[in-house]
Structures are given as structure tokens and as C-alpha cells.
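These notes concern the structure reproduced below.
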Amino acid sequence: LDIRSRPLEGGLSRPLTDLVSQHLGRGNQVLVFINRRGFAPTLMCHDCGWIAECRRCDARMTVHQSPPHLHCHHCNSQRPLDRCCPKCQSEDLRPLGAGTERTEEFLKERFADTTVLRIDRESMSRKRAMQEMMEVIHSAQPCILVGTQMVAKGHDIPGVTLVGVLDADIALGLPDFRSAERTAQLLCQVAGRAGRGELPGHVVLQTKQPEHYALCCASRQDLDGLL
């Protein structure tokens with residue numbers, strides 16, 4: 001699904017949101033995969049363009065809301081949210097992009113009558129959290145799962161008939177010569193969460209690079225094509 005020029009809400013385009021509604025209406029479960037934890041991947045000053053960076057390793061800090069703080073997922077450094085820009089003193093600081101928390105928030109507002117479960121390192125840190133969540137999932141009631149790589153493999157969820165991948169191309173720009181291979185492999189693993197029961201699965205990859213060979217191979221489940 002080419003999302004260039006499409007408006008997004010919580011990281012989801014209108015066509016994907018409509019598909020989520022259709023699958024829930026049939027009594028099925030939906031998995032929304034986003035390989036970014038937190039509320040937003042970037043905190044930026046709208047007036048001067050300053051971006052919150054880690055003071056220890058210079059990576060960009062991720063915005064979290066529960067509880068509110070900035071978190072570096074590279075070196076695990078954390079600090080309180082900035083109240084004003086340290087460069088120009090403006091208070092117009094805005095979170096940019098969507099992480100699991102922001103996507104979860106949107107889906108809870110959009111599908112208020114449906115259970116929305118977030119599965120990432122933060123939400124699963126409590127003892128028995130994963131076990132309790134899997135009990136809800138295996139009850140076969142319609143629900144939406146918002147997850148990171150924690151749900152990409154190793155979980156058999158037969159009720160999931162739709163997998164929507166947000167920013168499927170997010171890792172293609174990383175300084176890693178195997179980024180295309182790793183991206184295609186991860187997408188194939190995520191796609192395998194759909195249709196594991198009696199009903200067929202539907203997988204949607206949201207991307208701004210629909211012509212990229214890694215995404216084309218993943219959409220065909222053709223990892224040999226990467227060679």
C-alpha cells in the first residue's frame with residue numbers, strides 16, 4: 001500500500017483503517033505491527049527545528065507517555081521531557097511520527113468498543129503480563145494487537161486474519177549492508193501471523209518505497225529473490 005501523499009492517523013492510512021474495521025466486523029482479530037516503541041520517535045521544536053538527542057550517544061530520543069519521558073533505545077539513557085527548547089526557548093515542542101503508544105492511542109479512540117492490546121518491551125515488563133495478554137487473545141474475541149518484533153515470531157494466534165505493517169520500509173535506510181535482507185525476513189515473519197487458523201490471512205505493507213526490491217520479495221514471500 002503506497003502511502004505517499006496519504007494522510008495518516010496514528011500511523012495508519014484510511015484504506016488500512018477501513019480493512020481493520022472490516023475484519024473486526026467479521027469477528028476476527030487484527031495485528032498492527034510497528035517496529036518502533038514509544039509514543040513518537042522524535043521530539044522536535046516547531047520554531048527552530050531542534051531535535052531531542054541523547055546526551056550520552058547522540059542518537060535521537062524516543063518520546064514515551066506512560067510515564068512521560070525521553071528514552072534512548074540505543075544506550076538506555078532516560079531523562080524527563082523537555083518543557084522548552086534548549087536552543088531557542090520555545091515551548092512549541094512536537095512529537096513527530098508514530099510509535100506503538102501513539103498507534104495504540106489512536107486505535108482505542110477509533111475502535112472504542114474493541115479491546116486494543118499493546119505488546120512491546122514496556123507493556124510486557126510486568127510479571128505474568130504476556131501470559132495474561134495471551135489468555136485474552138486466545139479467547140477468540142475480536143481485538144487489535146499492536147506489537148513490535150516481540151510478536152513477529154514464536155506466537156500462534158489463529159484468530160488473526162489481518163496483519164497491517166506500518167512503515168514497512170523503516171529499516172531500509174539504516175547503515176547496515178544487510179538492511180534489505182533483514183527487512184524482508186522480518187516482514188515475512190510478521191506476515192506469518194495472519195491466517196494461521198481456518199480463515200485465510202490478509203497482509204498489508206504500508207510503505208513510501210513500494211518499488212523497493214526487498215518489499216517486493218517480501219510481498220511475494222520470495223526470500224530467494226534477494227540473492
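- Nearest heavy atoms, P210 versus R4: CG-NH2, 3.4 Å.
- Annotation: R196, atom CZ; neighbour count of heavy atoms from other residues, nucleotides and ligands within 6.0 Å is above 12.
- The OG1 atom of T100 sits 5.0 Å away from the CZ atom of R118 when rounded to the nearest 0.5 Å.
- V116 and M134 end up in different hydrophobic clusters when Ile, Leu, Val, Met, Phe, Trp and Tyr side chains are linked at under 4.5 Å.
- Rounding to the nearest 0.5 Å gives a distance of 7.0 Å between OG1 of T207 and CD1 of I3.
- Here the OG atom belonging to S13 is positioned 10.0 Å from the CG atom belonging to D2, to the nearest 0.5 angstrom.
- Placement of L199 and V30 in two distinct hydrophobic clusters is found when ILVMFWY residues are connected by side-chain heavy-atom separations under 4.5 Å, directly or transitively.
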Legend entry - Worked verdict on L162 versus N28 for side chain to side chain contact (heavy atoms under 4.5 Å, CB included): CA-CA 8 Å; L162 172 66; N28 301 326; over 6 Å; no

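- Of the possible polar contacts, one joining the T103 side chain to the G10 backbone as a donor-acceptor pair under 3.5 Å is found.
- Note that CD of E105 and CD of E109 are 5.0 Å apart. Values are rounded to the nearest 0.5 Å.
- Between G164 and L16 the shortest heavy-atom distance is CA-CD1, 4.1 Å.
- Hydrophobic clustering (side-chain heavy atoms under 4.5 Å, transitive across Ile, Leu, Val, Met, Phe, Trp, Tyr) keeps L1 apart from L205.
- More than 12 heavy atoms of other shown residues, nucleotides or ligands fall within 6.0 angstrom of atom CD in Q209.
- Using modelled atom types, one finds no donor on one side chain facing an acceptor on the other under 3.5 Å when comparing E9 with T17.
- Counted within 6.0 Å of CZ on R79, heavy atoms from surrounding residues, nucleotides or ligands total more than 12; the atom is thus considered enclosed.
- Considering CG of L117 and CG of L107, their distance stands at 11.0 Å, rounded to 0.5 Å.
- The hydrophobic cluster containing I170 does not contain F106, counting ILVMFWY residues as joined when their side-chain heavy atoms lie under 4.5 angstrom apart, directly or transitively.
- Between C85 and D47 there is no side-chain heavy-atom pair separated by less than 4.5 Å.
- Side-chain contact between R182 and L186 is absent, with no heavy atoms from C-beta onward closer than 4.5 Å.
- Annotation: Q131, atom CD; neighbour count of heavy atoms from other residues, nucleotides and ligands within 6.0 Å is above 12.
- When side chains are defined from C-beta on, V146 does not count as touching I119, because their heavy atoms never get closer than 4.5 Å.
- Checking side-chain atoms of Q65 against main-chain N and O of E101 turns up no donor-acceptor pair under 3.5 Å.
- The closest side-chain heavy-atom distance from R26 to T161 is not below 4.5 Å.
- Side-chain contact check for L31 versus I157: every heavy-atom pair is 4.5 Å or farther apart.
- Under a hydrophobic-cluster definition in which Ile, Leu, Val, Met, Phe, Trp and Tyr are linked whenever side-chain heavy atoms come within less than 4.5 Å, directly or via other members, V190 and M133 are assigned to the same cluster.
- Between L215 and A168, the shortest heavy-atom contact is CD2-O, 3.9 Å.
- Side-chain contact between C143 and V136 is absent, with no heavy-atom pair separated by less than 4.5 Å.
- Looking at Q29, its side chain does come within 3.5 Å of a backbone N or O of I137 through a donor-acceptor pair.
- Summarising the geometry of Q149 relative to F33, their closest heavy-atom pair is N-CE1, 3.6 Å, with the distance given to 0.1 Å.
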Inset, instruction - Let me see the working for V32 and L166 under side chain to side chain contact (heavy atoms under 4.5 Å, CB included), right down to the final yes or no. - result: CA-CA 7 Å; V32 176; L166 311 188; 3.9 Å; yes

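- A tilted orientation is assigned to the rings of H23 and H202, their planes being inclined by 30° to 60°.
- Counting all heavy atoms, side chain and backbone alike, L81 lies closest to V63 at CD2-CG1, 4.0 Å.
- W50 is listed as a side-chain neighbour of D82, based on a closest heavy-atom distance under 4.5 Å.
- The two residues H64 and H71 come nearest to each other via the heavy atoms CD2-CB, 3.5 Å.
- Here the NZ-CG distance, from K208 to D169, works out to 8.0 Å after rounding to the nearest 0.5 Å.
- A 4.5 Å side-chain heavy-atom check between H138 and P158 finds at least one atom pair inside the cut-off.
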